[in-house]
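The block underneath contains the structure these notes are about, expressed in structure tokens.
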There are 2 protein chains.
Amino acid sequence: MNGSKGSNGPGDPGGPAPIWPPLTPAERAVAIEVLTNGPTSRSEIARRLGMSGGSLTRLAKPLIDSGLLLEGLTPVATAGQGRPGRPLDIVTDPWHFVGLKITGETVYGVVTTLKSTVVRREDRKLGSAEPEAVAEAAHSIVRTFAEEFPHLAGIGVGLAGSVRERSVAVDSPYLGWKGVSFAPLLEELTGLPVVVENDFAALVEAETWFGSGRGLDRFAVLTIGAGIGYGLVINGEPVRPSDGYRGTAERWILDPSGPLTPHGERGSATAMLTVQSIEYQVRAATGSTVRYEEILDLARRQDPAASRVIGEAARALGILIANIYNFAMPQKILLAGEGVGLMDVAGSAVLDSVDAHRNPHSDPVNLETKVSDFHDWARGAAVLAIQVLVLGDGAGG
Amino acid sequence: MNGSKGSNGPGDPGGPAPIWPPLTPAERAVAIEVLTNGPTSRSEIARRLGMSGGSLTRLAKPLIDSGLLLEGLTPVATAGQGRPGRPLDIVTDPWHFVGLKITGETVYGVVTTLKSTVVRREDRKLGSAEPEAVAEAAHSIVRTFAEEFPHLAGIGVGLAGSVRERSVAVDSPYLGWKGVSFAPLLEELTGLPVVVENDFAALVEAETWFGSGRGLDRFAVLTIGAGIGYGLVINGEPVRPSDGYRGTAERWILDPSGPLTPHGERGSATAMLTVQSIEYQVRAATGSTVRYEEILDLARRQDPAASRVIGEAARALGILIANIYNFAMPQKILLAGEGVGLMDVAGSAVLDSVDAHRNPHSDPVNLETKVSDFHDWARGAAVLAIQVLVLGDGAGG
DNA sequence: GGACTTACTTCTATGTGGAAGTTAATGTGG
DNA sequence: CCACATTAACTTCCACATAGAAGTAAGTCC
């Protein structure tokens with residue numbers, strides 16, 4: 001309920017009120033630069049934003065005066081000679097943000113600072129996936145958070161499936177939702193602004209602002225879990241696929257003679273790489289049900305069936321990564337999700353496969369792996385709330 | 001020798017002199033907009049460039065005064081009501097540009113206007129691929145052109161292989177060149193500024209400025225000929241692969257059980273799609289040597305061997321196009337080169353294959369096919385000369 | 001201590017967006 | 001047929017943000 005700050009009821013015109021005072025685009029760019037990159041000197045900010053030093057003096061002044069930025073006392077440690085710069089840092093107090101990841105069984109929640117650092121976690125098992133039941137579980141989490149963090153600025157909600165206007169879950173297969181206006185529902189209960197988004201889109205935004213994609217021109221994200229997610233970020237802007245991140249990978253055939261599983265077409269990324277598909281393949285081969293983590297363990301210990309399945313998956317993943325490099329030409333690929341444990345066991349096989357399908361003359365592969373659990377997805381949703389509340393209304397799509 | 005305009009000898013500091021008077025970036029943007037899009041009203045230009053109408057009044061004035069732009073006499077035909085716009089057009093006189101495409105056997109040449117319209121063609125067979133012999137053949141073509149077009153502004157040269165600083169052919173396998181400084185050589189002979197570039201890169205630039213890629217955010221080019229070329233253009237800027245367009249496709253495995261040919265790995269794009277590979281496959285199957293165009297004819301008439309080879313190629317091409325769509329997400333793919341006759345014969349098979357490997361939910365395929373001969377490659381090189389001379393020195397690269 | 005380097009500030013010329021006004025067409029009602 | 005509203009292109013003018021130059025500050029290097 002957190003009534004103290006419940007100023008943004010549902011249906012407010014112009015979207016959630018920003019937590020920052022009204023800023024010009026240039027001022028906002030400076031603030032976001034500091035927010036996403038940590039304490040930075042004026043000259044460094046000017047360089048990154050492609051502005052003149054003079055402009056930064058002017059832009060920083062009102063931001064410091066209004067209490068949004070803070071000028072560091074100790075000069076920043078400089079590499080060489082010259083006058084050291086004075087770092088500017090952003091004031092994160094008093095705000096905190098809530099991120100929620102909704103699966104069919106559980107609502108995962110986190111509290112983060114403005115800089116997206118997770119400071120608290122909390123889950124609720126779901127008895128039912130009905131929107132009202134989910135909203136009540138979410139509300140319960142938020143109530144618990146609000147006791148400890150009275151200044152909650154907003155809530156980000158991530159879920160699988162397509163979402164419209166950061167508000168309506170148009171089609172969420174795992175939850176069985178179709179056209180559920182979840183944001184108003186939760187705003188009504190909590191009195192806080194709520195942003196709903198596809199969970200993968202939220203993770204991509206989080207990595208673009210605060211993670212591996214910071215400052216890159218071209219950046220790709222590939223997640224492996226219950227499904228495969230692929231996203232491309234160009235100049236800080238995610239390229240939104242027209243279908244809103246719906247099961248694209250089911251037709252990415254990586255090996256025409258690959259395994260046939262209940263998920264996706266024969267030899268597709270979905271059929272070869274998702275957690276379920278790998279578990280299915282081992283079950284089909286051995287007759288016994290083994291969980292994903294155990295399969296990785298078995299493969300590590302050279303178990304024949306597990307090794308074969310994991311080896312094929314590694315080769316397929318290499319092809320997939322090589323395709324991304326060949327055609328999207330990103331400067332970096334981030335590999336995330338629950339299913340990237342594969343890289344620990346068969347990382348070198350994956351890299352060999354990448355190299356076998358890439359041009360030998362081009363730059364080395366820049367691949368980053370980040371194992372992520374459901375709380376990381378929740379953090380992604382929190383970042384979306386941060387973006388919307390920091391930018392004001394019109395934060396993209 | 002066309003000595004009348006031979007003011008830019010080799011080694012001039014600051015690169016070739018622009019043919020336009022010194023312009024501010026905004027003025028240049030306006031001029032280029034008119035150059036690449038044809039006669040356009042001020043308000044339309046403002047909309048496209050994201051500027052205010054007021055700015056366009058200011059920017060257009062000096063451009064018209066200096067004689068670079070011309071205000072149309074007849075108002076542009078407007079759709080609805082309101083005051084009709086006055087079209088601005090660019091003055092192309094008196095300049096012409098030369099584009100040369102160099103293969104191992106022949107130098108292909110074209111003359112174009114500033115708007116890249118081809119107005120003249122001319123070839124020279126090569127006795128030898130030695131740089132001096134090639135330069136002499138090129139010089140001979142330019143001399144012929146100069147008789148008819150006295151105001152040649154510059155020469156663009158396109159060749160396969162990697163090129164440095166738009167001047168030095170670092171490595172050109174078909175010509176057997178390594179580290180040949182061809183631009184100075186030809187500048188010395190002709191007295192004209194010379195821009196050397198990888199032929200594919202030049203074609204991509206041409207399509208970005210004057211062709212299918214105009215005004216698109218994300219645009220991909222795929223060429224099929226003696227080799228496979230792939231390029232991605234983002235916001236009008238080609239993404240330059242770190243290897244400078246060297247045989248990337250030899251490891252793009254489209255069908256692991258595909259044919260093995262002398263070119264590229266088994267089932268690779270090179271092995272399945274290039275003109276040579278298709279000719280090789282038919283030769284291997286039938287024992288007789290048949291040329292590419294005849295193979296297409298045979299396939300059209302249901303000849304078994306030709307149909308099989310072309311059918312497999314069509315399926316492979318569909319996979320390749322689907323990959324590009326899936327991972328680079330361009331708004332349009334342009335298919336060009338000598339080997340796109342495949343689309344005439346097996347276009348529907350290609351499209352079926354594309355659809356089979358793409359997400360059924362996403363936007364329909366936006367594919368454009370443009371059969372191109374060597375003169376089209378020469379035109380691409382001419383566009384590069386236009387770009388460099390229009391932008392002045394620092395035109396990328 | 002002086003040369004040097006880099007960060008930051010101050011000042012000014014300039015390019016830009018936006019508001020308000022003008023012009024040239026179409027559409028509408030008497 | 002003519003007055004008047006409407007629409008959209010274009011012009012004029014002003015407030016203002018920006019780049020760039022010049023100056024000052026705060027360190028390192030020799």
Side-chain angles (χ1 to χ4, degrees), chain A residues 20-34 37-66 68-90 392 394, chain B residues 20-34 37-66 68-90 392 394:
Chain A
W20 286 351
L23 301 177
T24 67
E27 287 171 335
R28 208 177 4 243
V30 171
I32 290 172
E33 188 63 30
V34 175
N37 282 293
T40 319
S41 70
R42 289 172 177 77
S43 52
E44 178 64 22
I45 298 171
R47 242 169 282 138
R48 293 209 221 214
L49 294 179
M51 306 182 91
S52 68
S55 296
L56 246 106
T57 296
R58 178 177 42 79
L59 290 167
K61 180 160 288 192
L63 292 173
I64 294 171
D65 289 347
S66 73
L68 198 90
L69 294 188
L70 208 64
E71 188 156 18
L73 306 155
T74 50
V76 71
T78 172
Q81 312 136 304
R83 172 177 170 178
R86 280 228 170 350
L88 300 176
D89 199 3
I90 200 139
Chain B
W20 285 351
L23 301 176
T24 67
E27 287 171 337
R28 211 181 355 246
V30 171
I32 290 173
E33 188 64 30
V34 175
N37 282 292
T40 319
S41 69
R42 289 172 177 78
S43 51
E44 178 65 22
I45 298 170
R47 242 169 282 137
R48 292 211 222 213
L49 295 178
M51 306 182 89
S52 67
S55 295
L56 245 109
T57 296
R58 177 177 43 80
L59 291 167
K61 180 159 288 190
L63 292 172
I64 294 171
D65 289 347
S66 73
L68 196 87
L69 294 189
L70 208 64
E71 188 156 17
L73 306 154
T74 51
V76 71
T78 170
Q81 311 138 304
R83 172 176 172 178
R86 280 225 169 353
L88 300 176
D89 199 2
I90 200 139

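Throughout, protein chains are lettered first and strands after them, A, B, ... in sequence-line order, and every chain is numbered starting at 1.
Considering only heavy atoms from C-beta on, A/W20 comes within 4.5 Å of A/I32 through its side chain. The shortest side-chain heavy-atom distance between B/I45 and B/V34 falls under the 4.5 Å cut-off. Using a 4.5 Å cut-off on side-chain heavy atoms (C-beta onward), A/L88 and A/I64 make contact.
Here the side chain of A/A26 is nearest to one of D/dT18, C/dA7, D/dG27, namely D/dT18. Considering only the side chain of A/S43, C/dA7 comes nearest among D/dT12, C/dT23, C/dA7.
A salt bridge is absent between B/R28 and B/E33: the closest approach of a Lys/Arg side-chain nitrogen to an acidic carboxylate oxygen does not fall below 4.0 angstrom.
Atom pair B/L56:CG and C/dT16:P shows a separation of 10 Å (rounding to whole Å applied). Atoms NZ (B/K61) and P (C/dG15) sit 15 Å apart, rounded to a whole Å. One can place CG of B/L59 at 14 Å from C1' of D/dT11, the figure rounded to the nearest angstrom. Counting to the nearest Å, the P atom of D/dA9 and the CG atom of B/L88 are 13 Å from each other. The CD atom of B/Q81 sits 5 Å away from the C1' atom of C/dT26 (whole-angstrom rounding). Rounded to whole Å, the distance from CZ on A/R86 to P on D/dA25 is 13 Å. A/R83 places its CZ atom 14 Å from the P atom of C/dT6, with the value rounded to the nearest Å.
Remark: A/T57 pairs with no residue by the side chain to side chain donor-acceptor pair (under 3.5 Å) rule, at least two apart or across chains. Evaluation of the salt bridge (Lys or Arg N to Asp or Glu O under 4.0 Å) rule for A/R58 yields no partner, not counting sequence neighbours.
Contact annotation: B/R58 side-chain N/O to C/dT16 OP1/OP2 distance is under 4.0 Å. Taking only side-chain nitrogens and oxygens, B/S55 never comes nearer than 4.0 Å to OP1 or OP2 of C/dT16. Within the structure, a side-chain polar atom (N or O) of A/R42 is placed less than 4.0 Å from OP1 or OP2 of C/dT9.
Not a single donor-acceptor pair under 3.5 Å links the side chain of A/S55 to the backbone N or O of A/M51.
A heavy atom closer than 4.0 Å to some atom of DNA chain D occurs in A/G50, A/M51, A/S52, these being the qualifying members of residues 45-54 of chain A.
B/T57 comes within 4.0 angstrom of a nucleotide base, judged by non-hydrogen atoms across all strands.
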